[in-house]
> 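First, the structure itself, so that you have it in front of you.
Each chain gets a letter, A, B and so on, in the order its sequence line appears, and its residues count up from 1.
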Number of protein chains: 2
Amino acid sequence: MPRLREVGEFEAIRRLARRGAAAGVVIGSGDDAAVLRPDPDRDLVATTDAFVEGRHWLREWMSPVEVGARLAHANLSDLAAMAAVPRWALVAIGARPDQELDELVEMERGLERALDAQGAVVVGGNLSAVAGEAWWTVTLLGDVERGRAWTRASARPGDLLAVTGHPGRAGAAVRLVHAGLARAEEWRPLLDAWIRPASRVALARALAATGAVTAAIDLSDGLAADLGHLAAASGTGATLERLGPEDALLDRAAAALGIGVETVRLGASDDYELLMTLDPARRESCELVCQAQRVPFTVLGTVAAESGRLTLDRGGQRTPIEPAGYDHFAG
Amino acid sequence: MPRLREVGEFEAIRRLARRGAAAGVVIGSGDDAAVLRPDPDRDLVATTDAFVEGRHWLREWMSPVEVGARLAHANLSDLAAMAAVPRWALVAIGARPDQELDELVEMERGLERALDAQGAVVVGGNLSAVAGEAWWTVTLLGDVERGRAWTRASARPGDLLAVTGHPGRAGAAVRLVHAGLARAEEWRPLLDAWIRPASRVALARALAATGAVTAAIDLSDGLAADLGHLAAASGTGATLERLGPEDALLDRAAAALGIGVETVRLGASDDYELLMTLDPARRESCELVCQAQRVPFTVLGTVAAESGRLTLDRGGQRTPIEPAGYDHFAG
């Protein structure tokens with residue numbers, strides 16, 4: 001299998017870039033820039049996310065197709081948190097000359113397929129050589145009805161706080177991997193949450209139609225950290241009565257790791273689930289939407305007035321929640 | 001001066017990201033994604049470019065502010081080649097924990113100032129830790145009158161081929177640096193072309209208004225390579241009578257390097273100048289625009305019918321031009 005050094009930059013780009021017609025794409029890959037035709041009635045929503053080899057992906061645990069799909073979901077999840085529809089992506093790659101071209105092509109295909117499943121296409125990119133670890137960055141563009149994007153900044157005291165899915169599972173998988181425990185078959189659902197995450201684009205669109213959601217953020221740093229981001233942006237606090245749905249497997253993983261269940265549920269974890277605040281009067285319509293899409297939906301508590309104060313209240317016993325999450329640069 | 005390891009990811013992002021109102025920015029940095037409001041009568045133009053430490057920038061030759069500005073121009077130049085107006089940028093950074101925060105902030109400011117001078121603002125980004133070399137990727141969005149973007153693919157036999165500026169100077173500077181010759185004061189204008197390039201956004205907009213330009217590409221790989229890209233995309237060839245404006249300094253640099261003048265003029269060089277094809281009947285209006293903006297403008301030859309055939313014709317003596325440029329992955 002040829003390596004990048006052997007095929008060269010331009011042949012590699014030729015293999016990586018696909019050309020084809022797609023909605024709103026006037027000129028795709030292959031010119032100095034892509035030319036796109038946004039819908040005149042909608043706002044454009046733009047996010048960028050990067051994956052670094054050895055940090056965001058571990059070769060022995062994820063195939064190139066899975067890494068590409070996961071990178072797609074990291075970006076798709078940001079658009080879901082704005083209630084936006086994904087449309088166009090640009091991909092910048094840093095690759096080592098000794099990497100196999102096929103590995104890059106598989107990663108690109110994994111990325112493209114995951115984007116395609118949500119209606120988005122790759123319209124441009126860049127390929128650079130690196131000496132250190134490989135990296136991929138994706139910039140994803142989407143759109144939303146004008147003025148209707150969700151933000152982190154509009155939660156109101158009294159709103160309900162709710163999450164989708166099983167937050168903490170992806171982080172538990174990473175902890176199991178680092179502890180050398182992850183090969184046991186028991187943990188397969190946790191590993192799946194990390195290796196093959198979903199993102200909540202379709203759910204966000206259906207929830208947006210209910211008008212129930214007042215603010216949203218995607219869970220990519222961990223529940224405590226992302227709750228902290230949302231509360232800080234909104235100038236509110238939060239009082240939680242629970243930290244997610246019942247999850248016996250997550251509890252067992254915490255025990256196996258010798259750490260508290262709350263650490264696993266609150267700490268660093270990139271689940272690509274949604275943390276939302278809701279108008280309490282419209283809770284039922286949200287529950288119905290999530291049931292229809294078979295996505296777990298759990299009300300955790302309520303938005304509190306006191307800015308920055310995050311509290312866990314278990315039957316009257318109150319403890320503060322520390323908004324610590326993953327820090328890329330922590331020693 | 002604090003290093004990233006000491007200040008942590010979130011404080012670094014706080015220092016790097018600026019918040020402020022800008023045209024068309026509904027929500028800027030600080031949410032899951034940026035929300036932008038494109039002009040309903042215009043197409044969106046999107047490009048992405050990456051700089052890798054030690055390859056696209058050399059610490060001992062460029063200050064962080066200069067690196068940031070140069071990265072801005074690499075992206076601005078792609079939009080210039082589409083006749084687009086720059087508007088919004090997203091920046092993804094891979095930084096080592098031992099890097100000084102101030103260095104990143106200076107690079108960001110250099111980037112922002114160069115973008116701002118062309119009317120564009122940073123609206124979002126991403127910060128990741130790396131163990132290897134640092135890298136920055138920028139995705140730049142702009143707009144252009146609907147259906148009026150320049151492409152590489154629309155050159156017609158008989159059109160004139162023209163370049164702006166002094167192509168080859170940036171590449172000559174890099175060759176002088178690698179040969180250990182670059183400290184001589186004589187080469188300062190070449191070093192400036194490499195360290196502090198311009199890009200041709202304003203010129204492209206003025207040229208677009210003349211209706212003279214039939215195709216365009218920016219010079220980032222080198223004259224021969226980019227001419228090859230343009231000819232391939234258009235299904236044409238090219239016959240050149242010269243390789244750029246008179247440039248005695250470039251000629252002396254070639255002599256000092258012990259290589260041919262044509263190698264310096266045709267080979268790898270990221271000048272961020274424009275290579276354009278023009279309607280011959282409108283040559284004069286292009287010359288007037290370039291004079292008004294004080295940008296050197298040189299007609300090199302004409303577009304030829306035979307696809308892929310690039311020829312240098314010096315007074316009837318014809319030699320083929322090999323479309324070799326910079327390959328990131330070449331050994």
> Taking the side chain as every heavy atom from C-beta outward, state whether B:L223 and B:V163 have any atom pair closer than 4.5 Å.
yes
> Is there a side-chain contact between A:H56 and A:L71 in this structure, where contact means two heavy atoms from C-beta onward sitting under 4.5 Å apart?
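A:H56 does not reach A:L71 side chain to side chain.
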> Select, from A:R146, A:R96, A:E53, the one with the greatest count of heavy-atom pairs under 4.5 Å involving chain B.
A:R146
> Please state whether the side chain, the backbone, both or neither of B:A95 comes within less than 4.5 Å of a heavy atom of chain A.
both
> I'd like to know if B:R205 and B:E145 make a salt bridge, using a cut-off of under 4.0 Å between side-chain N and carboxylate O.
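B:E145 and B:R205: salt-bridged.
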> Are any of the side-chain nitrogens in A:D270 or A:R70 under 4.0 Å away from the carboxylate oxygens of its partner?
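A:R70 and A:D270: salt-bridged.
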> Highest number of heavy-atom pairs under 4.5 Å with chain A: which of B:V26, B:D143, B:V130, B:I27?
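Option with the top pair count is B:V130.
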> Could you tell me which portion of B:V52 (side chain, backbone, both or neither) has an atom closer than 4.5 angstrom to a non-hydrogen atom of chain A?
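Side chain of B:V52 only, per the 4.5 Å heavy-atom cut-off to chain A.
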> Among B:L230, B:L127, B:N75, B:V123, single out the residue with the greatest number of heavy-atom pairs under 4.5 Å to chain A.
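Top option by heavy-atom pairs under 4.5 Å: B:L127.
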> Checking B:A46 against chain A: side chain, backbone, both or neither under 4.5 Å from a heavy atom?
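Both parts, heavy atoms under 4.5 Å.
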> Is the closest side-chain heavy-atom distance between A:L140 and A:L76 below 4.5 Å?
yes
> Would you mind telling me which of A:A50, A:A233, A:A129, A:P40 has the largest number of heavy-atom pairs within less than 4.5 Å of chain B?
A:A129
> Please step through side-chain hydrogen bond (donor to acceptor under 3.5 Å, both in side chains) for the pair A:S128 and A:N126, ending with a clear verdict.
CA-CA 7 Å; A:S128 301; A:N126 188 268; 3.2 Å; yes
> Name the region of B:T137, side chain, backbone, both or neither, that has any atom closer than 4.5 Å to a heavy atom of chain A.
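B:T137 touches chain A through side-chain heavy atoms alone.
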> Which one, A:D31, A:I93, A:D41, leads in non-hydrogen pairs under 4.5 Å with chain B?
A:D31
> Side chain, backbone, both or neither: which part of B:V91 has an atom under 4.5 Å from a heavy atom of chain A?
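The answer is the backbone of B:V91.
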> Would A:D98 and A:R5 pass as an ion pair if we require N to O under 4.0 Å?
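No, A:D98 and A:R5 are not salt-bridged.
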